[in-house]
Amino acid sequence: MRFLHCSDVHITADYFSLPFLRLGWRRWIAMAELSVGGRTKAYARAPQTLAAIASDAEQHGVDHFILSGDVTAYALEPEFQLARASLGALAEDPGRCTVIPGNHDVFTPGSHRANRFARHFGHLLESDFPEHRREGPFPFVRRVGTEAAVVGLLSARVPFLPGIAHGHIGPAQLDGLAAVVKDPRLAGRALLVVVHHAPLTHRGRADSYFHGLRDAPELFRLLPGPRYAVLHGHIHHRYHHPATAERPHVFSAGSSTQRGREGYWVIEVKDGQVLGGQKHVPGGAVH
């Protein structure tokens, strides 16, 4: 079986053409990142690149498409609309596609209260086993074929201030995940657990206090060995840490649409085990 994993596509509206007062003070601060920091140029072609990755999913014949958060730049309604349109038919089918929110998708309290992510992608949070939910729709479980299941977790919270971008899953969702792992209906299946924040950096270390996944050790304790994989984004580097007896595979999709760093993983599953993956760039080439 094959799974396509991408992340941090950051579909970006034209912020400088929008009414300044309606953007709010959090986005005023973020506009420095868009202009001086170069994010506007880096993601100018993000919609086209995401559409190309969605097309690649068909070419690779993948069984499921996974986007592990940061669909938008700063959670504006037009960004969600364009992201949904870029994914095309994939985004219509929970059986073929999973999308979870990242911290940029809940960037402001207003975007969170308006349920912007859920309005466009909430149908992709459906669960085959809703009894394991603990926090809204999370964790959700979706069986894929006969050999695998995708599990979605929420780590993205509305930041207290821009620039504070850590995440946590929380004990309630971890309790739900423990129930998922023990569920006999999933016996013999590989479990691909999708969360936005990174449990490990590309160097194999915990991320910084204000950027990392704070309960990564608790997550790892539930997922030992090659039956399991954690698929994440948040860090804009693409890397893989193979599974050990103590922890799962860890796949970072990096930023799949960032100019000069475009790409994604195709992850292989066989006989209920995660074998590894290959990096690809949009258009089908292998790194």
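In what follows, residues are counted from 1 in the order of the sequence shown.
Across all non-hydrogen atoms, the minimal contact from P199 to V250 is CG-CG1, 4.2 Å. Heavy atoms only, all atoms of each residue included: I164 and P159 are closest at O-CB, 3.3 Å. Closest heavy-atom contact between V180 and V151: CG1-CG2, 4.0 Å. Shortest non-hydrogen contact noted between G152 and F138 is O-CD2, 3.5 Å. Nearest heavy atoms, A13 versus L76: CB-CD1, 4.0 Å. H280 and V266 get closest at one heavy-atom pair: CD2-CG2, 3.6 Å.
To the nearest 0.5 angstrom, H197 atom NE2 is 10.5 Å from D215 atom CG. The distance from the CH2 atom of W265 to the CG atom of L4 is 12.0 Å, given to the nearest 0.5 Å. Here the OG1 atom belonging to T108 is positioned 6.0 Å from the CZ atom belonging to R116, to the nearest 0.5 angstrom. Summarising the geometry, atom OG belonging to S35 is positioned 4.5 Å from atom CZ belonging to F16; distances are rounded to the nearest 0.5 Å. With values rounded to the nearest 0.5 angstrom, F140 atom CZ is found 7.0 Å from I100 atom CD1. Rounding to the nearest 0.5 Å places CG of L192 at 12.5 Å from CZ of R142.
Residues forming a salt bridge (charged side-chain N to carboxylate O under 4.0 Å, His left out) with R261 (at least two apart in sequence, or on another chain): none. The side chain to side chain contact (heavy atoms under 4.5 Å, CB included) search around E126 returns P94, H123, not counting sequence neighbours. Applying the side chain to side chain donor-acceptor pair (under 3.5 Å) test to R134 and every residue at least two apart in sequence or in another chain returns D175. Residues satisfying the side chain to side chain donor-acceptor pair (under 3.5 Å) test with H234, not counting sequence neighbours, are N103, H196, H211. With sequence neighbours left out, Y239 forms a side chain to side chain donor-acceptor pair (under 3.5 Å) with no residue at all.
The environment of NE2 in H166 is crowded: more than 12 heavy-atom neighbours from other residues, nucleotides or ligands sit within 6.0 Å. Crowding of F160 atom CZ: a count of heavy atoms from other residues, nucleotides or ligands under 6.0 Å not exceeding 12.
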- Query: What do the steps show when you test H60 against Y264 for side chain to side chain donor-acceptor pair (under 3.5 Å), and what is the final call?
  - Reply: CA-CA 12 Å; H60 291 302; Y264 56 88; 3.0 Å; yes
- Does the pair L153 and V194 meet the rule for a side-chain contact (heavy atoms from CB on, under 4.5 Å), with working shown? CA-CA 6 Å; L153 297 173; V194 188; over 6 Å; no
- Query: Are F3 and V274 close enough, and set up right, to give a side-chain contact (heavy atoms from CB on, under 4.5 Å), and what steps lead you there?
  - Reply: CA-CA 10 Å; F3 295 78; V274 179; over 6 Å; no
- Message: The test is side-chain contact (heavy atoms from CB on, under 4.5 Å); show your working for V181 and L223 and say whether it passes.
- Response: CA-CA 8 Å; V181 169; L223 307 171; 3.9 Å; yes
- Message: For R119 and E77: C-alpha separation, side-chain torsions, deciding distance, then whether salt bridge (charged side-chain N to carboxylate O under 4.0 Å, His left out) applies.
- Response: CA-CA 10 Å; R119 288 211 310 269; E77 178 69 18; 2.6 Å; yes
- Task: Go through V106 and F117 one step at a time and tell me if the side-chain contact (heavy atoms from CB on, under 4.5 Å) criterion holds.
- Result: CA-CA 8 Å; V106 292; F117 178 88; 5.7 Å; no
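Looking at F107 and V158, their side chains never come closer than 4.5 Å, going by heavy atoms from C-beta outward. For the pair L213 and L200, the minimum side-chain heavy-atom distance is 4.5 Å or more. Put simply, the side chain of Y15 reaches to within 4.5 Å of the side chain of L23, judged on heavy atoms. Side-chain contact check for P224 versus E246: every heavy-atom pair is 4.5 Å or farther apart. Looking at D63 and V269, their side chains never come closer than 4.5 Å, going by heavy atoms from C-beta outward. Side-chain contact check for F65 versus L87: some heavy-atom pair is nearer than 4.5 Å. At a threshold of 4.5 Å between non-hydrogen side-chain atoms, the residues M1 and V144 count as touching. Side-chain contact between F129 and D183: present, with at least one pair of heavy atoms (C-beta onward) separated by less than 4.5 Å.
Electrostatic pairing of E147 and K270 does not count as a salt bridge here, judged by no charged N lying under 4.0 Å from a carboxylate O. Under 4.0 Å is where a charged nitrogen must lie from a carboxylate oxygen, and between E131 and R185 at least one such pair does. Using a 4.0 Å cut-off between charged side-chain N and carboxylate O, R96 and E58 make a salt bridge. Looking at R84 and E79, no side-chain N of the basic residue comes within less than 4.0 Å of a carboxylate O on the acidic one, giving no salt bridge. A salt bridge links D128 with R143: at least one charged nitrogen is closer than 4.0 Å to a carboxylate oxygen.
Between the side chains of H64 and T98, at least one donor N or O lies within less than 3.5 Å of an accepting N or O. Between the side chains of T257 and T49, no donor-acceptor pair is found at a separation under 3.5 Å. With hydrogens and angles left out, the side-chain atoms of Y74 and R26 include no donor and acceptor closer than 3.5 Å.
Counting Ile, Leu, Val, Met, Phe, Trp and Tyr side chains that sit under 4.5 Å apart, directly or through other members, V36 stands alone, with no cluster partners.
When the side chains of ILVMFWY residues are joined at heavy-atom separations under 4.5 Å, either directly or via intervening members, L124 and L82 end up in a single hydrophobic cluster. The cluster map of Ile, Leu, Val, Met, Phe, Trp and Tyr, joined by side-chain heavy atoms under 4.5 Å apart, puts V195 and I267 in different clusters.
A donor-acceptor pair is defined here as one N or O able to donate and one able to accept, closer than 3.5 Å; no such pair exists between the side chain of K279 and the backbone of G263. Although no hydrogens or angles enter the test, the distance criterion places no donor-acceptor pair under 3.5 Å between the side chain of R39 and the main chain of M31. Between the side chain of R247 and the backbone N or O of P242, at least one donor-acceptor pair lies under 3.5 Å. Proximity of a side-chain donor or acceptor of T201 to a complementary backbone N or O of D207 within less than 3.5 Å is not detected. In this structure a side-chain-to-backbone donor-acceptor pair under 3.5 Å is present from R227 to R189. Side chain of S255 to main chain of D8: a donor-acceptor pair is present (N/O by atom type, distance under 3.5 Å, no hydrogens or angles). Side chain of D93 to backbone of L90: no donor-acceptor contact under 3.5 angstrom is found.
Each of L67, T72, D70 was scored for a side-chain contact (heavy atoms from CB on, under 4.5 Å) with V9, with one residue passing: L67. For the ring-ring contact (aromatic ring centres under 6.0 Å, His included) with H202, the qualifying choice from H237, H232, H240 is H237, the only one to do so.
Taking the six-membered ring for Trp and the full ring otherwise, the centers of H241 and H249 sit at least 6.0 Å from each other. Checked against the 6.0 Å centroid threshold, H10 and Y43 count as a close aromatic pair.
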